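Here is the structure we will look at.
Everything numeric here is computed off the predicted structure, so don't read it as measured data.
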Amino acid sequence: MKSNQRILTKKIVEFIKERNWSKYHSAKNIAMSLNVESSEVLEVFLWKEESEIDIDHLKQEIGDTYYSLLLLCNKMNIDLEEALLDKLEINKKKYPITKCYGKNLKYTEL
């Protein structure tokens, strides 16, 4: 885990400990929170044109989502950057440039 993520995760863990909330933060609850928070990102866009989006509200919801994602990674001992890099390698194999360039098809349809 890179130092910036480590610092952010430490701040989140401190915030939770100071409020005695650790008992509520099972992996299941954090995963559900991640889903709820990411849905709130979508809600910012619901029935609006991009020009109508309240950027401050969007930033708050993205912050909540990132908070939950970092907390889940911490809880499950997952290095977020490593997980992303691993997934990119998997996707390179699923979506080779020669088959998918300029196409928006799922890998099973290529």
Side-chain angles (χ1 to χ4, degrees):
M1 180 187 307
K2 299 291 183 193
S3 61
N4 196 35
Q5 283 183 0
R6 191 174 294 121
I7 292 166
L8 293 171
T9 300
K10 186 176 179 184
K11 287 181 182 229
I12 292 168
V13 170
E14 282 177 27
F15 180 85
I16 291 166
K17 279 185 182 175
E18 290 170 348
R19 287 153 182 81
N20 193 28
W21 288 350
S22 297
K23 58 189 169 193
Y24 305 114
H25 289 87
S26 65
K28 173 189 68 84
N29 285 343
I30 299 166
M32 288 191 295
S33 172
L34 177 59
N35 187 36
V36 170
E37 297 302 345
S38 63
S39 293
E40 289 178 2
V41 170
L42 290 175
E43 187 178 32
V44 173
F45 289 90
L46 187 63
W47 312 120
K48 295 179 183 162
E49 299 294 327
E50 269 189 49
S51 61
E52 300 174 294
I53 301 305
D54 179 342
I55 297 299
D56 289 331
H57 186 199
L58 179 59
K59 283 170 56 175
Q60 289 177 19
E61 300 305 343
I62 288 172
D64 286 341
T65 303
Y66 191 41
Y67 174 104
S68 294
L69 183 58
L70 286 177
L71 187 56
L72 182 58
C73 287
N74 184 64
K75 182 74 174 181
M76 301 305 295
N77 296 313
I78 294 171
D79 182 309
L80 181 57
E81 286 188 17
E82 181 181 310
L84 174 60
L85 293 172
D86 290 349
K87 184 60 178 175
L88 282 172
E89 287 303 313
I90 290 167
N91 284 347
K92 280 182 184 180
K93 292 174 185 163
K94 287 167 109 175
Y95 296 97
I97 295 169
T98 56
K99 288 187 177 181
C100 70
Y101 187 81
K103 299 175 185 171
N104 64 350
L105 301 174
K106 188 173 178 175
Y107 70 96
T108 55
E109 298 172 346
L110 293 171

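Nearest heavy atom pair, residue L110 against residue K94, reads CD1-O, 3.9 Å. Across every non-hydrogen atom of I30 and H25, the tightest pair is CD1-O, 3.4 Å. Annotation for S22 and K17: closest pair OG-CG, 4.2 Å, computed over non-hydrogen atoms.
Partner of Y66 under the side-chain contact (heavy atoms from CB on, under 4.5 Å) criterion, chosen from I12, L71, L80: L80.
The neighbour count for E49 CD, taken as heavy atoms of other residues, nucleotides or ligands under 6.0 Å away, does not exceed 12. Within a 6.0 Å sphere centred on NZ of K48, other residues, nucleotides and ligands contribute more than 12 heavy atoms. Under a cut-off of 6.0 angstrom, the local environment of CG in L42 is crowded, with over 12 non-hydrogen atoms contributed by other residues, nucleotides or ligands.
We find the CD1-CD1 distance between I55 and I62 to be 8.0 Å, quoted to the nearest 0.5 Å. Note that OG1 of T65 is 11.0 Å distant from CG of L70, once rounded to the nearest 0.5 Å. If you take CG on L34 and CG on D64, they are separated by 11.0 Å, rounding to the nearest 0.5 Å. For the atom pair CG (D54) and NZ (K59), the distance works out to 10.5 Å, reported to the nearest 0.5 Å. To the nearest 0.5 angstrom, L72 atom CG is 11.5 Å from M32 atom CE. Here E37 contributes atom CD and L69 contributes atom CG; the two are 12.0 Å apart, rounded to the nearest 0.5 Å.
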I16 and Y24: side chain to side chain contact (heavy atoms under 4.5 Å, CB included), yes or no, with the steps? CA-CA 10 Å; I16 291 166; Y24 305 114; over 6 Å; no
Give the C-alpha distance, both sets of side-chain angles, the deciding distance and a yes or no for salt bridge (Lys or Arg N to Asp or Glu O under 4.0 Å) between E14 and K11. CA-CA 5 Å; E14 282 177 27; K11 287 181 182 229; over 6 Å; no
Steps toward side chain to side chain contact (heavy atoms under 4.5 Å, CB included) verdict (N91, K87): CA-CA 6 Å; N91 284 347; K87 184 60 178 175; 3.6 Å; yes
Go through it in stages, so that I can follow the logic: the residues are Y95 and K106, the test is side chain to side chain contact (heavy atoms under 4.5 Å, CB included), and I'd like the CA-CA distance, side-chain angles, deciding distance and then a yes or no. CA-CA 8 Å; Y95 296 97; K106 188 173 178 175; 4.0 Å; yes
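Residues M76 and W21 share a single hydrophobic cluster, defined by chaining ILVMFWY side chains whose heavy atoms lie under 4.5 Å apart. Hydrophobic clustering (ILVMFWY, side-chain heavy atoms < 4.5 Å, transitive): V36 and Y67 are in distinct clusters. Under the 4.5 Å side-chain contact rule for hydrophobic residues, L105 and Y101 do not share a cluster.
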